[in-house]
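Here is the structure we will look at, set down as structure tokens.
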Amino acid sequence: MVCIRKATMDDLLAMQACNLLCLPENYQMKYFFYHILSWPHLLHVAEDYNGRIVGYVLAKMEEESSECKGHITSLAVLRTHRKLGIATKLMTAAQTAMEQVFGAEYVSLHVRKSNRAAFNLYTETLGYKIHDVEAKYYADGEDAYDMRKQLKGKESHHHHHHHGGGCCSGDPRPMGARPESKSEAKAGTKAESKTG
Amino acid sequence: MASKFGLAGGIPERRVRPIWDAIDSRQFKNALKHSTSLLAKCPNSPYALALKSLILERMGKSDEALSVCLNAKDLLYKNDSLLMDDLTLSTLQIVFQRLDRLDLATGCYEYACSKFPSNLDLMMGLFNCYVREYSFVKQQQTAIKMYKLVGEERFLLWAVCSIQLQVFCGNGGEKLAMLAEGLLKKHVASHSLHEPEALIVYISILEQQARYGDALEILSGKLGSLLIIEVDKLRIQGKLLARSGDYATGADIYEKILELCPDDWECFLHYLGCLLEDGSSWSNGVHNDPINPQKSVDCKVSQLPDEVFHSRISTSLAFVKKLQADTSDDFIRCPYLAILEIERRKKLHGKGNDDDIVEALMLYFLKFGHLASFSSDVEAFLQVLTPDKKMEFLAKLMKTLDSPATVPTKALGQSITIFKIQELTGNLYKLPVLELESCAVQMVKMYCKSLPLSKDLDPQESMHGEELLSMVCNVLVQLFWRTRHLGYFIEAIMVLEFGLTIRRYIWQYKILLLHLYSHLGVISLAYEWYKSLDMKNILMETVSHHILPQMLVSPLWGDLNNLLKDYLKFMDDHFRESADLTFLAYRHRNYSKVIEFVQFKERLQRSNQYLVARVETSVLQLKQKADNIEEEEDVLKNLNSGVHFVELSNEIGSKTLTFNEDFHSRPWWTPTTEKNYLLGPFEGLSYCPKENLTKEREENVRRVVEKKSLLPRMIYLSIHSASASLKESVEENGSKSGSKISSELKFLLEHHAKMLGYSLSDAVEVVMGVSSGVKSFEAFGSDEIDWINFAVFLNAWNLNSHEPLQPDRDQCGRGIWHVVDTLLVKYISEKIKSMESLVCSPRVDLPILVQLVTEPLAWHGLVIQSCVRSSLPSGKKKKKGGSMDQHSSLVLNGVRDSIQSLCDILKEVAKWIRGQIDRPEDESVENILSSLRKKEQDEGPGRVFHVLESLIPSINEAEHGGRICQELKTWSALDVARKIVTGDSTLLSQFLNICESKIKSFQALKQQISSDIKCVLLNVFPLISRHFVPALGAAYDLELLPYLSATERVEWIVQALHRWTRSLP
């Protein structure tokens, strides 16, 4: 019934509504575009029987790292569809794609210290471990756990999709007037990203 | 690029670095200083100039920035010896783009590429310029050049992608798909493909040409291995097989997918489609709208012979049963719900029966009935049941309550589900008032009982039984609709406010409250709740429909302005910036996303709401400045005198509009922005499930935009018509522009009348009829504001028109001033009389009253201002030795009467508002609360509220947890009542301000006229005296012309008249 499928651009409308209904914060639309245009394989939605989007996961690959790692940016499931294992399925879909498409070695995420439900999901169901604590990570001053999970990495067939550049990024920007454009695209990353 | 940084435009990096650093840290003054010293050293460096223009642009000096940037561009063109480096060009590009001059940026790159035709970096830059301009053809040409230059697969795909864009978003035909296919085929033959997205694009091009077989062949060949995730490949395969009509193989593939993903509902539907040989779910134009999804799957009645149909159905049943057995996961619903879908198909084929469906529903309930998603899961299946069978199902559900689940949360979930099913089948609302009331009491008791279950939950977490209070609200509003007893309505408000006191994050309650307060007429509180939802970004497109329509007719102009401004800013920013993001997809080789992204931008650009917001923003400005004709003229000037909007009005009929609003979250009584059942009488319907009203909406939106976008132009023409009518009498040859205005205004009036469903002359008849009392206001229907606007503009046109309004009636032309005044006065006073105090009934007429004052009355006020300005020989419009002719004095008479009656009626409105505001607060609060004070056994409003209130004393930390205890201590019904009263005063005060400002403006006009009477006297007297009493005239000329001031002259005239009358026999 709940079909986990890759997100399309049109899903954005419902995804952001889902975000409103699930999370106290909201990220900029540009940030969503940055994800879907760069790593569409990692964005998944849970579509309920009647075609309604009831959850989504937003994830990305780290561009500026020598290691090949993925990052879960945001995960949300509608309250009416909680406790159905949807979050687990969404997370698994994103992690699988990180491994198989990009050959990621591990995946990280941030979670509010107070979000016990999400914390339990990550540690108990999905096997994440606390890597670090980031003080005042969220806009409202709350701390975040920096959590990580080891993936199988490059052993699977990492496809030939990237010729140059680092492991996970596309090739270097052809338009390199200033690195500024990237920091703009990522504006608000830290303050607004969340999982929960 | 880093390598280029070494020596950009011949300047060493160490000189440039401080400038960039200063820009990055937003120290623009500092950056400018560095730039000035750099320019002192290299005054003719295009790069140094480009940097300067970038800084100037950032400082907000757009004009200077443009001129410096153009200078840099000229130098770049002139100096061929300089290297055309990408850094200079891209800096220029940034500035030109920020100045909205993409064309200039493109020009630079085109020039550079013509100079250095084999420079790949420059070509990429040029490609990017075309991406920003959505020039798909030029994109394609540039990408092909790059492909030819270096032979890389990605450039070929850029070209193919640009071709696809021409097909999907431009007007490219089928031949283009063939061209794209040819390019790919050739490349595959020589180089194969290396990127999964390239393969997906290749397949989709074949699919577009209905070449499913070829696509399947490629997919199952070597290239297929590019798709790493197995199910992704299988899904494409299944779709291609089904579309090619090979249903048998398709079904096998879908079986495989379901074995891998047993919860994939869409896949199951495709599987069933294949088995029953029904291709409707794959055909083009399948309804696919994630915002307003269809409730059930479209399917054709199977054409298969009965025998085959039966065998296929049993195949599917067996497979689904196997899936059920194979999955141990308790969460997986698909294989269970699949049974229901199979039963539904059987019924559609005429082979099923309702009993089987009811049985399947019961089985599904026993397994998943406690889940919040249950009712939405089964909604479509309930719809195929007959009313009797629905009742039977309900009865069976009720029976399960005798032996509830042992886990309390599960038992609660099941009970809530049963209430929801009652709501969904409409049975709940068929109950008599008393039983319905008892039902609400039952729900709220259940809510109270379940509170301890949420004791340990985080504040962010949704509470158990939250939905109960939403359902209670729905029932109470239904009771209000039936009985018109406002107490129920207030009770609904209290229940939700109570719920939000316990947990302030429940958006469902907030949205319900927002609509309750809107209907009550306290829009200020509705807006408060809307703000607390914190809508941002794209949500403004999907969710602002909850508040925008009510705000458009409210006096809260400041808030409305913010709402519109934020929304338009978001949309316009997106249109400006989205092209830049497209390049991200090209760079990451996500070609299918490029196409989706461009299509998405078009979807937003065609948004009906965007169009409405643009028109309404202008109308709001016109309303805000209407008390001052000069300021209004500034607004009109910025709107290009309303010309563009007239074009919009003409085009709207042929425009494709998108409707992105999410209506799912709206309450039952107002399923769309156009409908509010509470405004009409109780119809004995439950409106559950909600109807699909998209078609109806579309027509309505077009009509509204078509009408509203004529307003600015009509206001503009009316102002000019009024002044031309008076100027013409003075300046004989000024009539040319006057007649042009007159004919255009007449044309628009005809258009306006047509939109109201009448010819111009018939519409005039209606207006006259209503004003004289021959016809009642009913004749205007719900378009009353449009009708009165029509009368206002008709009068303005008539002032300057030489055509009689109605040929067979004389005098009526002159009487049109009177008609407008009468209509306004009559209508406004009727509205004031009809409105009771807040505590008696919702103030549904308040928005109409606000509109009357801020729209037709305001536009009429502008006509008056224009007349006064042009007719009187004061100020800048002084007439040289002019005289007041009969026409002018007739107009002025109309003006004076008009001002008087409008002033009077506005004072009436102000008096009514003050009466409301000045009412003692405690009295109003007491009135609100008294409607709820009931003992539990009593019939009528208050029973539900009583349950909640009596919960408070029993709340304790041990049972309910510290957080709930703490929050509930702050609950006070008195505070809520007070909030309503204060909110009402806030709203009315804003309206009062508007009225007072209008009164002031009219009074000033009155004064101007009376002081200008002096001047009239000065002008008229010499004329009369020369004609009738030549001696007096001569004396006037001799004694006064050279010496006396205006005031002295008036005195002289009055005395002279006295002397003259005394000398008469």
Side-chain angles (χ1 to χ4, degrees), chain A residues 1-6 8-14 16-17 20-21 24 26 28-30 33-34 36-40 47-54 79-82 84-85 89 96-97 100-101 114-117 156-157 159-161 170-178 180-181 185 196, chain B residues 1-2 20 24 87 90-91 94 121 124-125 128 194-196 226 228-229 263-267 290-291 293-295 329 331 333-334 337 371-373 376-377 379-380 458 460-462 505 507 533-534 536-539 542-543 574 577 581 584-585 587-590 593 596-597 599-600 660 662:
Chain A
M1 138 123 12
V2 180
C3 167
I4 306 289
R5 60 166 173 79
K6 276 195 262 177
T8 68
M9 216 52 80
D10 281 339
D11 289 329
L12 165 71
L13 298 174
Q16 290 247 324
L20 160 81
L21 313 183
N26 232 321
Q28 285 192 28
M29 188 164 78
K30 252 196 261 181
F33 287 139
Y34 168 65
I36 197 168
L37 295 173
S38 308
W39 306 280
E47 188 182 80
D48 200 10
Y49 158 66
N50 46 23
R52 215 169 159 72
I53 303 298
V54 296
R79 293 184 192 285
T80 45
H81 287 69
R82 298 262 167 102
L84 292 173
K89 281 186 212 154
T96 310
Q100 297 190 358
V101 181
S114 68
N115 193 346
R116 283 177 295 167
S156 68
H157 34 288
H159 74 71
H160 0 262
H161 162 180
D171 42 44
R173 260 150 229 270
M175 296 301 307
R178 288 294 293 163
E180 151 197 280
S181 58
Chain B
M1 241 172 270
W20 277 115
D24 279 353
L87 190 54
S90 59
T91 309
I94 293 173
D121 279 347
M124 272 201 240
N128 209 1
H194 300 91
E195 294 167 22
L226 281 172
I228 293 157
I229 295 173
D263 211 11
D264 188 336
W265 178 252
E266 195 188 33
C267 176
I291 280 294
Q294 270 185 331
K295 295 233 163 65
D329 186 342
F331 297 131
R333 291 171 291 162
C334 176
L337 201 69
L371 296 178
S373 59
S376 68
D377 286 354
E379 193 177 335
D458 293 339
Q460 304 276 347
E461 200 54 26
S462 135
Y505 296 109
W507 63 272
L533 285 168
D534 195 23
K536 279 187 240 157
N537 300 320
I538 194 73
L539 286 174
T542 53
V543 187
H574 175 65
E577 294 161 3
L581 287 166
L584 209 59
R587 197 163 62 81
H588 283 269
R589 297 149 202 223
N590 296 319
K593 293 296 153 191
E596 272 179 33
F597 192 57
Q599 283 176 325
F600 185 74
N660 303 319
D662 177 9

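Lettering of chains follows the sequences in order, A, B, ..., and the numbering in each one begins at 1. Computed over heavy atoms, backbone and side chain alike; hydrogens, waters and symmetry mates excluded. Quick caveat: nothing in here was measured; it's all calculated off a predicted structure.
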query = Could you state the interatomic distance from CG (A:L12) to CZ (B:F600), rounded to the nearest 0.5 Å?
reply = 4.5 Å
CG on B:D263 to CD1 on A:I4, rounded to 0.5 Å = 8.0 Å
Looking only at heavy atoms, which two atoms of [X] and [Y] are closest? And how far apart?
| X | Y | result |
| --- | --- | --- |
| B:E596 | A:M9 | OE1-N, 2.8 Å |
| A:I36 | B:K593 | O-CG, 3.7 Å |
| B:N590 | A:P40 | ND2-CD, 3.0 Å |

ask   = Does any heavy atom of chain A fall under 4.5 Å from the side chain of B:Q599, the backbone, both, or neither of them?
value = neither
Toward chain A, the part of B:L371 with a non-hydrogen atom under 4.5 Å = side chain
request  = Taking the side chain as every heavy atom from C-beta outward, state whether B:L581 and A:K30 have any pair of such atoms under 4.5 Å apart.
outcome  = yes
ask   = Is the closest side-chain heavy-atom distance between B:I229 and A:V101 below 4.5 Å?
value = yes
Sole residue of B:N660, B:V543, B:L539 in side-chain contact (heavy atoms from CB on, under 4.5 Å) with A:L13 = B:N660
task = Kindly state whether the ring of B:H574 and the ring of A:F33 have centres lying under 6.0 angstrom apart.
result = yes
